[in-house]
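Computed from a prediction, not measured in an experiment: that's the story for all the values here. To find a chain, count down the sequence lines: A is the first, B the second, and so on, and within it residues start at 1. When reading the values below, keep in mind they use all heavy atoms of this one structure, side chains included, and skip hydrogens, waters and symmetry mates.
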Amino acid sequence: MLSRGIPPESILAMTFTNKAAGEMKERVKEILGEGAGKTASALTISTFHAFGLSVLRRYGRLLGYRPNFTVYDTGDQVALLKEAARELRIDPEELEVYNLLQLFSGIKTERITWQDERWYAMLNPSGKSSQDKSGEEPSRGAGSISTFQELYRSYQEHLITFNAVDFDDLIMQPLTLFREHPKVQGHYADLYRYVLVDEFQDTSTPQYNLLYQIAREWKNVCVVGDDDQSIYSWRGADYSNIERFEKDFPRVKEIKLERNYRSTGGILSAANAVISNNTNRKEKALWTQIDEGNLLELSFPDDDGAEASFIAEKIKLRAYQESLAYDSFGILIRTNSQARVIEEALLEADIPYRMSGGQSFFQRKEIKDIAGYLRIILNPDDDVSLLRTINTPRRGIGRRTVEALHEIADERKISLYSAITLAVHREVDHSIGKGPLGALEEYLELTARYQERFSESKHLAATTERLATEIDYWGYLVQEFQKSERAAKAKWKNIGFFIRSIDRYEQNPDVLEPTLQGYLNRISLQTRDELSPEEAAGKVNLMTIHAAKGLEFDVVFLAGVEEGIIPHQRAVEESEGNLEEERRLFYVAITRARQQLYMTSCRRRQVQGEMIEAVPSPFIEEIPAELMLKTLADPTAGVEMPEDPFAALKAHFGS
DNA sequence: GATGCCGTGTTTTTT
DNA sequence: ACACGGCATC
């Protein structure tokens with residue numbers, strides 16, 4: 001496109017994960033060649049959510065958002081919902097918070113309505129809550145429609161009071177903005193005359209609407225997708241958007257991409273055979289000119305520990321024998337919980353790796369604590385961050401004090417921070433004692449001081465470091481983890497890492513004007529701090545199958561090919577139709593491999609601290625036997641390691 | 001108000 | 001296995 005003289009700033013490319021956006025940026029730079037960095041960064045390459053956020057940052061005030069609003073992640077949403085419940089005198093224990101948030105998400109994105117009965121099954125699968133007619137009424141019944149509606153309303157009101165948005169708002173609010181302010185819609189539609197969407201099968205209806213609002217005038221849209229790789233239906237992805245697309249842009253030209261340039265013939269045949277078991281799909285005939293290649297290998301380790309060491313040893317062996325770089329290996333897992341054992345084995349074997357996706361670095365408590373301070377400094381109305389930081393590290397503000405503050409805040413519909421200000425300045429009657437009141441005053445002073453420091457200083461990282469020192473977070477960690485100095489140290493190390501990541505952000509030439517807000521935005525939409533390309537080089541890639549979509553590796557290990565893991569037990573329990581999505585997931589995993597695929601199916605596996613018997617995944621049967629080499633014995637038994645050239649010396653000197 | 005211990009449940013996948 | 005919340009105790 002650029003070669004045709006199209007100005008780069010008129011191009012908008014949408015992806016679904018930060019990882020994909022990052023890869024795309026890299027590839028654009030590569031294609032444009034050296035020195036084209038500037039041209040490449042003139043393109044807008046963004047996830048849908050990050051794009052929505054930038055729209056709100058710019059025009060959010062038209063919807064009543066104050067500057068520096070906060071983006072709430074799932075953890076914050078849970079905290080907010082519990083707050084809302086507390087205020088309505090509903091016992092949060094009676095709520096299935098996680099499912100309730102799913103319901104709210106469905107309502108907000110208009111996937112479900114209150115009239116819909118679908119959500120009811122979703123909320124009471126175990127029959128845990130609802131009919132609690134026994135005895136008196138300690139709290140209100142938590143299972144009725146009106147209660148849920150009331151909670152939803154309160155949840156929404158609180159978001160506004162706290163000057164915060166949730167992930168769904170990042171898509172829905174820009175749509176509202178476009179509807180109520182056609183000029184804003186016009187601005188974006190005019191700016192982006194060329195729109196591209198990668199992994200189009202993963203668009204949700206609101207995301208599609210957003211895309212449509214931007215592209216409807218110029219109609220220069222290019223979408224790439226594969227219905228066989230649709231693996232996000234659980235969060236609203238709907239590949240029937242492909243049909244809507246054909247209707248909305250009638251002059252559509254369809255190009256089938258059936259030639260595969262990635263995988264060996266054997267891998268492709270296996271993948272094709274598996275996916276052909278799905279009923280609901282566009283028929284296609286993928287082919288490749290690459291030769292058959294090696295057989296797929298399937299082995300049966302005794303347990304997940306053996307599986308992990310098999311993978312580690314195999315990687316070491318092949319890296320050594322074939323001089324393969326570590327970053328040409330990918331280890332794919334279905335669930336994040338599989339990662340731990342594998343990480344341990346990689347560490348043990350001294351193999352550099354990176355884990356992406358999943359339990360984010362930024363979700364760790366110590367990081368959320370410090371980030372909580374940054375958030376409250378930026379947006380004092382953010383009650384969730386206030387509650388997180390008000391007594392961490394401990395400063396003598398306990399339950400009673402917080403309750404008193406809540407009373408002031410609830411009554412006036414103001415944030416807790418405002419309530420503290422009133423209390424400290426004696427502008428309101430309250431029952432807060434002298435000690436806690438002094439502590440509150442100090443808290444106010446601290447946040448005010450850093451508000452100033454952050455606005456004056458351009459050194460975000462240094463200022464954050466100063467803050468961490470001033471609140472004596474290290475002292476707090478030592479106190480909290482008296483039993484494990486190691487844990488305290490590890491957490492403090494994470495704080496150091498966090499501060500360095502702020503520093504990296506500040507130094508990043510792609511960021512024109514680094515701000516605290518910009519940094520916090522970035523981390524709230526990022527599952528894990530993406531390593532810079534240099535840092536990622538030479539490292540084995542460990543990730544979930546979901547996170548691996550769109551990526552490829554010479555050698556892929558697929559761990560835990562067992563019934564209950566893939567297909568995942570909860571997925572099949574939920575609904576029969578989910579089996580096809582699980583199969584697509586398996587298909588995506590297979591097709592990540594260029595040269596070789598290793599699968600492992602453990603005989604037993606440690607799950608939630610208990611050893612359970614495991615059974616191979618039924619999907620294995622769908623791979624033609626002649627494409628696969630089955631190793632019946634425990635693969636770790638026969639693995640020979642390359643001789644350590646220093647082994648003899650080490651033995652000699654007894655090191 | 002802080003601290004320590006015990007019982008309970010658990011997120012499948014991600015923005 | 002592990003984190004989290006509740007509860008008793010200092």
Starting from [atom2] on [N], measure out to [atom1] on [X] and report it in whole angstrom.
{"X": "A/Leu551", "N": "B/dT14", "atom1": "CG", "atom2": "P", "answer": "13 Å"}
{"X": "A/Ile612", "N": "C/dA1", "atom1": "CD1", "atom2": "P", "answer": "14 Å"}
{"X": "A/Met543", "N": "B/dT13", "atom1": "CE", "atom2": "C1'", "answer": "14 Å"}
{"X": "A/Lys549", "N": "B/dT13", "atom1": "NZ", "atom2": "C1'", "answer": "12 Å"}
{"X": "A/Ile545", "N": "B/dT12", "atom1": "CD1", "atom2": "P", "answer": "15 Å"}
{"X": "A/Gln363", "N": "B/dT14", "atom1": "CD", "atom2": "P", "answer": "11 Å"}
{"X": "A/Glu574", "N": "B/dT13", "atom1": "CD", "atom2": "P", "answer": "13 Å"}
{"X": "A/Gln569", "N": "B/dT13", "atom1": "CD", "atom2": "P", "answer": "14 Å"}

Please work out if [X] contacts a base, only the sugar-phosphate, or nothing of the nucleic acid, heavy-atom cut-off 4.0 Å.
{"X": "A/Thr74", "result": "base"}
{"X": "A/Asn391", "result": "sugar-phosphate"}
{"X": "A/Phe48", "result": "nothing"}

With sequence neighbours excluded, tell me which residues meet ring pair (Phe, Tyr, Trp, His ring centres under 6.0 Å) with [X].
{"X": "A/Tyr587", "answer": "none"}
{"X": "A/Tyr155", "answer": "A/Phe104"}
{"X": "A/His158", "answer": "A/Phe162"}

Phosphate contact (B/dT14 OP1 or OP2) by A/Asn336 side-chain N/O below 4.0 Å: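 The answer is yes; a side-chain N or O of A/Asn336 sits under 4.0 Å from OP1 or OP2.
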
Any A/Ser337 side-chain N or O less than 4.0 Å from OP1/OP2 of B/dT11: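 For B/dT11, OP1/OP2 do not have a side-chain N/O of A/Ser337 under 4.0 Å.
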
Nucleotide nearest A/Arg570 when distance is taken to its side chain, options C/dC2, B/dT13, B/dT12: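 Per side-chain heavy atoms of A/Arg570, the pick is B/dT12.
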
Charged tip of A/Arg235 within 45° of A/Phe167 ring normal and under 6.0 Å: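 No - A/Arg235 does not lie over the ring of A/Phe167 by the 6.0 Å and 45° rule.
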
Aromatic centroids of A/Tyr232 and A/His546 separated by under 6.0 Å: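 When the ring centroids of A/His546 and A/Tyr232 are compared, they turn out to be within the sub-6.0 Å range.
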
Between A/Tyr476 and A/Trp474, ring centroids under 6.0 Å: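 Between A/Tyr476 and A/Trp474, the centre distance exceeds or equals 6.0 Å.
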
Upstream residue (5' side of DNA chain B) when A/Pro436 and A/Asn578 are each assigned their closest nucleotide: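 It is A/Pro436, whose closest nucleotide lies nearer the 5' terminus.
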
Residue met sooner reading DNA chain B from 5', once A/His568 and A/Thr401 are mapped to nucleotides: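 The residue whose closest nucleotide sits nearer the 5' end is A/Thr401.
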
Counterpart residues, salt bridge (Lys or Arg N to Asp or Glu O under 4.0 Å), relative to A/Asp304 (two or more places apart):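 Salt bridge (Lys or Arg N to Asp or Glu O under 4.0 Å) check on A/Asp304 returns nothing, list empty.
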
Tabulated below should be each protein N or O lying under 3.5 Å from an N or O of nucleotides 3-7 of chain B; please produce it.
| residue | atom | partner | partner atom | Å |
| --- | --- | --- | --- | --- |
| B/dT3 | OP1 | A/Gln479 | NE2 | 3.2 |
| B/dT3 | OP2 | A/Arg394 | NE | 2.4 |
| B/dC5 | OP2 | A/Lys483 | NZ | 3.4 |

Closest approach of A/Arg394 to A/Glu480 (non-hydrogen atoms, all atoms of both residues):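 In this case the closest contact between A/Arg394 and A/Glu480 is NH2-OE2, 3.3 Å.
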
Contact residues, residues 223-237 of chain A to DNA chain B [heavy atom, < 4.0 Å]: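 The stretch gives A/Tyr232, A/Trp234, A/Arg235 as the residues lying under 4.0 Å from the strand, ordered by number.
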
Salt bridge (Lys or Arg N to Asp or Glu O under 4.0 Å) between A/Lys108 and A/Asp166, intermediate numbers included: CA-CA 10 Å; A/Lys108 187 175 276 193; A/Asp166 63 18; 2.9 Å; yes

From CG (A/Leu525) to CG (A/Asn521), nearest 0.5 Å: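 Separation between the atoms: 7.0 Å.
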
